[in-house]
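Worksheet for the structure shown next.
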Amino acid sequence: MSTQSINRTLGIPLALGRTAEIYDWEPGWVLKLYFDHFDPGIANFEHRIATAISAAGITAPAVGEVVRVNGRVGLLYENCEGQSMNADLHKHFFHGPKHARKMAELHAEMHGRPMQADIASTRHRLECKIQDAKPLSENFRTAALKALETMPDGDRLCHGDFHPGNILLSQPKPTTIDWIDASIGSPLADVARTSIMLLGSAATESTWFLRYGIRILHTIYLRRYFQLRPGELNEYRRWLPIVAAGRLNEGIDEQKDWLLTQASKLL
């Protein structure tokens with residue numbers, strides 16, 4: 001894919017993420033500008049994912065062209081108005097139950113039909129994460145990889161990073177963003193990933209109020225998801241330590257001990 005090269009003043013980022021900064025661009029569009037230490041091919045990879053998601057009818061921002069701005073690679077996205085669910089929760093904590101149910105409904109809708117796309121399998125992504133997770137001992141790594149081999153494949157779109165920070169409260173319907181970790185696989189692996197992110201955050205928050213609030217959010221989300229998509233709770237529980245082992249490759253120091261405790265359930 002050819003890349004247009006542009007030099008321009010960008011101003012202050014609208015948002016900062018793990019992989020990129022978001023800047024205002026032309027009317028109706030924003031620029032996702034990746035940090036220099038990422039492979040330039042990441043934009044083409046995300047463009048392919050975003051195109052497949054749009055073709056599947058998932059509510060997500062439309063994707064534009066890959067560009068190079070001030071020497072850094074970037075990707076243009078439709079500017080979907082609305083603050084994130086996470087930002088709203090920080091201002092209005094009493095919205096937690098409503099947002100938890102909406103999270104579950106969006107996730108269940110995402111998992112509602114088979115998906116074919118030229119993106120990685122969930123199993124492959126998890127295997128790579130586990131192999132690269134430096135905090136894992138060899139015993140833990142071996143146990144996690146063996147457990148992964150026993151888990152079922154799937155044919156559903158998995159977001160891979162589904163949490164309140166990646167849901168925009170746009171109108172007429174909330175929009176899910178940041179699909180860089182998307183894969184095709186078991187929907188229960190994707191639900192387990194959300195659980196590990198929420199519960200890991202709850203375990204390491206500094207105040208009891210936030211810890212309690214996140215756990216309540218998680219409980220309501222999980223209950224509503226399984227109301228909408230009744231499934232194998234046992235399978236979901238088997239995914240949890242495997243997903244925790246994979247998350248250890250992400251360098252979240254404050255959660256390392258908690259994640260190791262979850263992964264230890266594989267032994």
Side-chain angles (χ1 to χ4, degrees), residues 1 15 17-20 22 28-32 34 42-66 74-88 98-126 153-195 197-198 221-222 224-231 236 239 243:
M1 180 182 294
R18 180 169 52 92
T19 60
I22 307 297
W29 294 88
V30 294
L31 168 69
K32 181 174 184 176
Y34 299 91
I42 191 173
N44 290 332
F45 173 72
E46 185 167 351
H47 186 276
R48 188 170 75 247
I49 292 174
T51 301
I53 288 162
S54 179
I58 303 296
T59 304
V63 64
E65 61 184 320
V66 175
L75 185 58
L76 298 181
Y77 274 109
E78 175 190 9
N79 185 7
C80 296
E81 300 292 338
Q83 66 179 336
S84 73
M85 186 177 284
N86 191 55
D88 186 68
K98 174 181 71 174
H99 286 338
R101 287 189 290 271
K102 178 53 67 176
M103 271 184 66
E105 290 159 10
L106 290 170
H107 219 181
E109 180 183 3
M110 185 191 306
H111 296 155
R113 60 182 180 272
M115 172 83 172
Q116 291 185 341
D118 183 24
I119 57 179
S121 72
T122 305
R123 181 188 297 278
H124 175 71
R125 279 190 171 274
L126 269 171
D153 287 317
D155 59 0
R156 305 306 164 105
L157 176 65
C158 297
H159 184 276
D161 199 25
F162 189 78
H163 58 76
N166 280 336
I167 301 169
L168 298 183
L169 299 175
S170 49
Q171 295 296 329
K173 182 179 179 180
T175 300
T176 305
I177 62 171
D178 200 1
W179 291 84
I180 189 64
D181 292 315
S183 61
I184 303 294
S186 166
L188 293 179
D190 206 28
V191 174
R193 166 77 176 178
T194 294
S195 288
M197 288 190 292
L198 291 176
Y221 153 79
L222 202 61
R224 180 61 177 151
Y225 181 90
F226 280 106
Q227 284 175 348
L228 295 168
R229 287 185 54 84
Y236 156 77
W239 278 112
V243 171

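The structure presented is a predicted model; accordingly, all values stated were derived computationally and were not measured.
- Between the CZ atom of Arg193 and the CG atom of Leu126 there is a distance of 8.5 Å, given to the nearest 0.5 Å.
- Trp179 and Thr176 get closest at one heavy-atom pair: NE1-O, 2.9 Å.
- Separation of atoms CG (Leu31) and CG (Asn79) is listed at 11.5 Å; rounding is to 0.5 Å.
- In this structure, the separation between OG1 on Thr175 and OH on Tyr77 is 12.5 Å, given to the nearest 0.5 Å.
- From Ile119, atom CD1 reaches atom CD1 of Ile49 across 5.5 Å, with rounding to the nearest 0.5 Å.
- When atom types are taken as modelled, the side chain of Arg156 and the backbone of Leu188 share no donor-acceptor pair closer than 3.5 angstrom.
- Between the side chain of His159 and the backbone N or O of Asp178 there is at least one donor-acceptor pair closer than 3.5 Å.
- The salt bridge (Lys or Arg N to Asp or Glu O under 4.0 Å) search around Asp155 returns none, not counting sequence neighbours.
- Take Glu109 and apply the salt bridge (Lys or Arg N to Asp or Glu O under 4.0 Å) test, not counting sequence neighbours, and it matches Lys173.
- If you take OG1 on Thr194 and CE on Met103, they are separated by 5.5 Å, rounding to the nearest 0.5 Å.
- A donor-acceptor distance shorter than 3.5 angstrom exists from the side chain of Arg48 to the backbone of Asp118, with no hydrogens or angles considered.
- Applying the salt bridge (Lys or Arg N to Asp or Glu O under 4.0 Å) criterion to Arg123, with sequence neighbours excluded, gives Asp153.
- Counting only heavy atoms from C-beta outward, the side chains of Gln171 and Glu81 never approach each other to under 4.5 Å.
- For Arg229, there are no salt bridge (Lys or Arg N to Asp or Glu O under 4.0 Å) partners at least two apart in sequence or on another chain.
- With sequence neighbours excluded, the residues satisfying side chain to side chain contact (heavy atoms under 4.5 Å, CB included) with His163 are Asp161, Asn166, Met197.
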Solution key, residues 50-62 side-chain donor-acceptor pairs under 3.5 Å, sequence neighbours excluded:
unit_1, atom_1, unit_2, atom_2, d
Thr51, OG1, His47, O, 2.8

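- Side chain of His111 to backbone of Ser186: no donor-acceptor contact under 3.5 angstrom is found.
- The aromatic rings of Tyr236 and Phe226 sit perpendicular, their planes meeting at an angle over 60°, well past the 30° parallel limit.
- The neighbour count for Gln227 CD, taken as heavy atoms of other residues, nucleotides or ligands under 6.0 Å away, is above 12.
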